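Every value quoted in this text rests on a predicted model; they were computed, and no experiment measured them.
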Amino acid sequence: MARSAITYTDLTANTAVADVAGTNVDATNSNTIAKAVPERTILRITNTTASTKTVTIKAGSTNPPAVAGGLGDLVVSLTAGHVTTQVAFVGPLDSSRFLQADGSLSLDVAASMTGTITAFRVPKTA
């Protein structure tokens with residue numbers, strides 16, 4: 001099955017951005033961010049499951065673009081969210097480690113996890 005898409009929310013310099021709901025995690029097929037810009041990506045991951053869950057940012061397996069893919073995956077652990085939603089912010093990321101051959105980022109979601117993932121794209125600096 002195809003991974004479920006996460007679209008970017010662009011941040012704008014010197015401007016406020018309204019909070020966004022994010023994309024529901026897909027514990028069956030996992031998620032992807034197409035046309036990713038890892039160095040400008042900040043992920044907000046929430047866990048609403050009543051147990052600790054993980055989201056794995058997959059290392060790229062093709063060199064190039066993932067010349068540092070051998071460093072392996074990044075596993076983000078979120079504690080149980082049964083009382084309050086647990087949140088983790090991850091990034092910026094290194095394209096030489098995480099960029100997939102098709103230019104995407106791949107995120108594997110633990111079985112039975114519920115929550116959201118929001119991908120924020122930080123603007124380029126002048």
Side-chain angles (χ1 to χ4, degrees):
M1 295 293 295
R3 291 174 177 266
S4 294
I6 297 171
T7 57
Y8 275 113
T9 296
D10 287 317
L11 300 176
T12 305
N14 305 310
T15 305
V17 174
D19 194 12
V20 293
T23 302
N24 288 332
V25 298
D26 185 340
T28 302
N29 301 313
S30 293
N31 295 91
T32 189
I33 302 169
K35 298 179 183 175
V37 187
E39 284 79 7
R40 294 177 44 214
T41 301
I42 303 291
L43 301 173
R44 179 182 61 199
I45 306 168
T46 68
N47 176 24
T48 57
T49 314
S51 59
T52 298
K53 296 291 181 178
T54 60
V55 172
T56 302
I57 302 164
K58 300 297 291 176
S61 60
T62 305
N63 177 3
V67 296
L71 294 173
D73 300 339
L74 173 62
V75 179
V76 180
S77 182
L78 293 104
T79 57
H82 63 282
V83 176
T84 60
T85 299
Q86 297 301 307
V87 181
F89 286 88
V90 182
L93 300 166
D94 187 351
S95 59
S96 69
R97 180 175 175 186
F98 298 108
L99 199 62
Q100 302 300 311
D102 64 358
S104 69
L105 286 174
S106 294
L107 296 91
D108 287 355
V109 179
S112 304
M113 180 175 174
T114 57
T116 62
I117 300 174
T118 307
F120 293 102
R121 184 168 32 209
V122 178
K124 292 181 182 177
T125 56

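Annotation: side chain of Ile33 is in contact with side chain of Leu107 (closest heavy-atom distance under 4.5 Å). Using a 4.5 Å heavy-atom threshold, the side chains of Leu78 and Lys53 count as separate. Residues Ser4 and Thr32 fail the side-chain proximity criterion, which asks for heavy atoms closer than 4.5 Å.
At a threshold of 4.5 Å between side-chain heavy atoms, the hydrophobic network of Ile, Leu, Val, Met, Phe, Trp and Tyr places Val87 and Val17 in one connected group. Taken together through direct or relayed side-chain contacts under 4.5 Å among Ile, Leu, Val, Met, Phe, Trp and Tyr, Val20 and Ile42 form part of one hydrophobic cluster. Note on Phe89 and Ile45: separate hydrophobic clusters, where clusters join Ile, Leu, Val, Met, Phe, Trp and Tyr whose side-chain heavy atoms are under 4.5 Å apart, directly or indirectly.
Screening residues 97-106 for salt bridge (charged side-chain N to carboxylate O under 4.0 Å, His left out), with sequence neighbours left out, gives no hits.
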Indicate every side-chain donor-acceptor pair of residues 110-122 with a distance under 3.5 Å to a residue at least two apart or in another chain.
{"unit_1": "Thr114", "atom_1": "OG1", "unit_2": "Thr48", "atom_2": "OG1", "d": "2.7"}
{"unit_1": "Thr114", "atom_1": "OG1", "unit_2": "Thr49", "atom_2": "N", "d": "3.4"}
{"unit_1": "Thr114", "atom_1": "OG1", "unit_2": "Thr49", "atom_2": "OG1", "d": "3.2"}
{"unit_1": "Thr116", "atom_1": "OG1", "unit_2": "Thr46", "atom_2": "OG1", "d": "2.9"}
{"unit_1": "Thr118", "atom_1": "OG1", "unit_2": "Arg44", "atom_2": "NH2", "d": "3.1"}
{"unit_1": "Arg121", "atom_1": "NE", "unit_2": "Asp10", "atom_2": "OD1", "d": "2.6"}
{"unit_1": "Arg121", "atom_1": "NH2", "unit_2": "Asp10", "atom_2": "OD1", "d": "3.0"}
{"unit_1": "Arg121", "atom_1": "NH2", "unit_2": "Asp10", "atom_2": "OD2", "d": "3.4"}

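Using a distance-only test at 3.5 Å, with no hydrogens or angles considered, no donor-acceptor pair links the side chain of Asn31 to the main chain of Ala5.
Nearest heavy-atom pair, Ala88 versus Val76, reported as atom, atom and distance to 0.1 Å: CB-CG1, 3.9 Å. Of all the heavy atoms in Arg3 and Ser30, the pair that sits closest is NH1-CB, 3.3 Å. Considering every non-hydrogen atom in both Ser104 and Ala36, the closest pair reads C-CB, 4.1 Å. Of all heavy-atom pairs between Ile57 and Leu43, the closest is CD1-CD1, 3.9 Å. The nearest pair of heavy atoms linking Pro38 to Leu105 is CG-CD2, 4.0 Å. Here the shortest heavy-atom pairing between Ser61 and Gln100 reads N-OE1, 4.4 Å.
For the atom pair Leu93 CG and Leu99 CG, the distance stands at 10.5 Å (nearest 0.5 Å). Summarising the geometry, atom CD belonging to Glu39 is positioned 7.0 Å from atom OG belonging to Ser96; distances are rounded to the nearest 0.5 Å. Atom-to-atom distance recorded for Asp94:CG and Leu74:CG is 11.0 Å, nearest 0.5 angstrom.
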